[in-house]
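Scroll down for the structure; my scribbles are underneath it.
What you see is a predicted model; the values in this text were computed from it and never measured. Residue numbers start from 1 in every chain, and the chains themselves are labelled A, B, ... in the order their sequence lines are given, proteins ahead of strands.
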Amino acid sequence: MNCPKIKSKNLSDFSSKVLAAVKKIPKGKVTTYKFLAQGIGCPAAVRAVGSALNKNPALIKIPCHRVVKSNGLIGNYRLGKRKKIFLLRREGIKIVGDRIENFRKILYRFKNKY
DNA sequence: AGTAAGGCGGGCA
DNA sequence: GTGCCCGCCTTAC
């Protein structure tokens with residue numbers, strides 16, 4: 001595919017974009033795989049986004065736990081869903097079961113669509 | 001190089 | 001609301 005424009009040595013172009021975008025998510029907010037995909041100009045690559053995050057090279061630096069499903073569910077996480085929930089709660093995000101409360105309100109949307 | 005699997009989304013029953 | 005199925009793009013073997 002040709003969406004990615006930036007080249008990187010260790011990371012694929014795609015991953016680089018994804019990671020860069022994730023870093024922009026403000027603390028206390030969340031975004032979805034879909035918006036993320038849109039944000040990097042590949043709205044159809046939602047799955048690929050997940051893959052990229054799964055191989056997250058800098059798990060700590062990159063707040064991948066702030067990325068959830070578009071239906072408000074937590075979704076999965078490299079270190080386990082449980083851990084993801086823990087991290088989110090620690091940022092003030094409330095979670096009930098597997099669902100985020102006030103999902104709509106704390107949802108972060110990317111400004112630049114491409 | 002071919003194939004399977006994955007932190008998903010959307011549509012429909 | 002749930003569950004199933006198909007499509008999507010990338011990465012790993």
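Val67(A) comes within contact range of at least one nucleobase, with a heavy-atom separation under 4.0 Å.
Side-chain N or O atoms of Lys84(A) include none that pairs as donor or acceptor with a backbone N or O of Cys64(A) at under 3.5 Å.
Taking each heavy atom of Phe14(A) and Ile40(A) in turn, the nearest pair found is CE1-CD1, 3.6 Å. In this structure, Ile93(A) and Lys29(A) approach most closely via the heavy-atom pair CD1-O, 4.0 Å.
Nucleotide dT11(C) holds its P atom 7 Å from the CZ atom of Phe14(A), rounded to whole Å. The interatomic distance linking Leu53(A) (CG) with dG9(B) (C1') rounds to 15 Å, in whole Å. Atom CG in Asn56(A) sits about 12 Å away from atom P in dA12(C), given to the nearest Å. In this structure, Lys34(A) atom NZ and dC9(C) atom C1' are separated by 16 Å, rounded to whole Å. Atom C1' of nucleotide dG7(B) and atom OH of Tyr77(A) are separated by 10 Å, given to the nearest angstrom. Summarising the geometry, the separation between CZ on Arg78(A) and C1' on dA5(B) is reported as 14 Å, rounded to the nearest angstrom. Distance, Asn54(A) CG to dA12(C) C1': 11 Å, rounded to whole Å. When rounded to the nearest whole Å, the span between OH of Tyr33(A) and P of dG10(B) equals 14 Å.
When Watson-Crick and G-U wobble pairs are counted only if both distances are under 3.5 Å, dG2(B) pairs with dC13(C). Across all strands shown, dG7(B) has no partner, as no Watson-Crick or G-U wobble contact with both distances under 3.5 Å is found.
With dC9(C), dG9(B), dA12(C) as the candidates, the nucleotide lying closest to the side chain of Lys55(A) is dA12(C). Counting only heavy atoms from C-beta on, Ala44(A) has its side chain closest to dC9(C) among dG7(B), dA12(C), dC9(C). With dG10(B), dG7(B), dC9(C) as the candidates, the nucleotide lying closest to the side chain of Ser70(A) is dG10(B). Among dT11(C), dG7(B), dC9(C), the nucleotide with an atom closest to any side-chain atom of Lys84(A) is dG7(B).
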*Given the rule in the side chain to side chain contact (heavy atoms under 4.5 Å, CB included) test, do Ile25(A) and Phe35(A) qualify, once you have shown the distances and angles that lead to the verdict?*
CA-CA 11 Å; Ile25(A) 305 172; Phe35(A) 286 120; over 6 Å; no
*Go through the steps for Leu88(A) and Ile74(A) under the test side chain to side chain contact (heavy atoms under 4.5 Å, CB included), then give the verdict.*
CA-CA 10 Å; Leu88(A) 287 172; Ile74(A) 299 303; 4.1 Å; yes
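Along DNA chain C, the nucleotide nearest Val46(A) and the nucleotide nearest Ser51(A) are compared for position; the residue whose nucleotide lies closer to the 5' end is Val46(A). The residue among Ala48(A) and Val68(A) whose nearest nucleotide of DNA chain B lies closer to the 5′ end is Ala48(A). The nearest heavy atom of DNA chain C to Val49(A) and to Arg99(A) marks one nucleotide each, and the one closer to the 5' end goes with Arg99(A).
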